[in-house]
Amino acid sequence: MSDERPAKVDSEKIQLLQLAMDQAARTNTYWNIYVAVVTAIFGVLASGKAPVDKHVFKLALSALFLVFAIGNLRAIEAVGEVRTALAAVLGAEFKEITVGLKPASEWGYRVFHGLLDAAIVACILFVKWPAPSRD
């Protein structure tokens, strides 16, 4: 048996590692909120109860969605900055773990989010949703 003992890791590094993992979970939470909002929008549109035949409604819904989407992206980017800083502080000591905690590039998030946002706005504006019945 070897007398080697594992290197002692100070509690501050453990707390930073936990904070980094919490930040990664926050990113997932923001994506989950995004998916929930998009699902709700499409649910309302597909229900046939919204005035989807009105261009003003579709434009207003698109504008509100874009305001939400920009806020969501900015929150994801802010969490990404914290994750990047934490990964840098944790450094080589936790290299195997911090590689997975580093966020995607800022432009990666922007392009991916932007393409999704454009597709959703296109669906809001151009899909022929069932209109409310005129009973």
OG1-CD distance between Thr84 and Gln23, expressed to the nearest 0.5 angstrom
11.0 Å
Using a 4.5 Å side-chain heavy-atom cut-off and chaining through intermediate ILVMFWY residues, the residues clustered with Val35 come out as none
Contacts of Val111 meeting side chain to side chain contact (heavy atoms under 4.5 Å, CB included) (sequence neighbours excluded), chain-then-number -> Leu115
Can you tell if the side chain of Leu45 reaches within under 4.5 Å of the side chain of Leu61, non-hydrogen atoms only?
yes
With ring pair (Phe, Tyr, Trp, His ring centres under 6.0 Å) as the rule and sequence neighbours excluded, what pairs involving residues 41-61 come up?
Phe42-Trp129
Among the clusters formed by ILVMFWY side chains lying less than 4.5 Å apart, do Ile33 and Trp31 turn up in the same one?
yes
Connected via hydrophobic side-chain network under 4.5 Å: Leu116 and Phe126
yes
One should read off an interatomic distance between Asp117 CG and Phe112 CZ, to the nearest 0.5 angstrom, of 10.0 Å
Just do the side chain to side chain contact (heavy atoms under 4.5 Å, CB included) check on Ile120 and Tyr34 with the steps written out, would you?
CA-CA 11 Å; Ile120 291 162; Tyr34 184 89; 3.3 Å; yes
With sequence neighbours excluded, what pairs up with Leu125 under the side chain to side chain contact (heavy atoms under 4.5 Å, CB included) test?
Lys58, Leu59, Ser62, Val121
Extract all donor-acceptor atom pairs below 3.5 Å that involve side chains of residues 63-80 and protein atoms in other chains or at least two apart in sequence.
| residue | atom | partner | partner atom | Å |
| --- | --- | --- | --- | --- |
| Asn72 | OD1 | His113 | NE2 | 2.8 |
| Asn72 | ND2 | Tyr30 | O | 3.0 |
| Glu77 | OE2 | Arg110 | NE | 2.6 |

Residues passing the side-chain hydrogen bond (donor to acceptor under 3.5 Å, both in side chains) test with Asp22, sequence neighbours excluded, are Gln18
At their closest point, which heavy atom of Pro130 faces which heavy atom of Ala46, and how far apart are they?
CG-O, 3.4 Å
So the salt bridge (charged side-chain N to carboxylate O under 4.0 Å, His left out) pairs with at least one residue in residues 31-51 (sequence neighbours excluded) are none
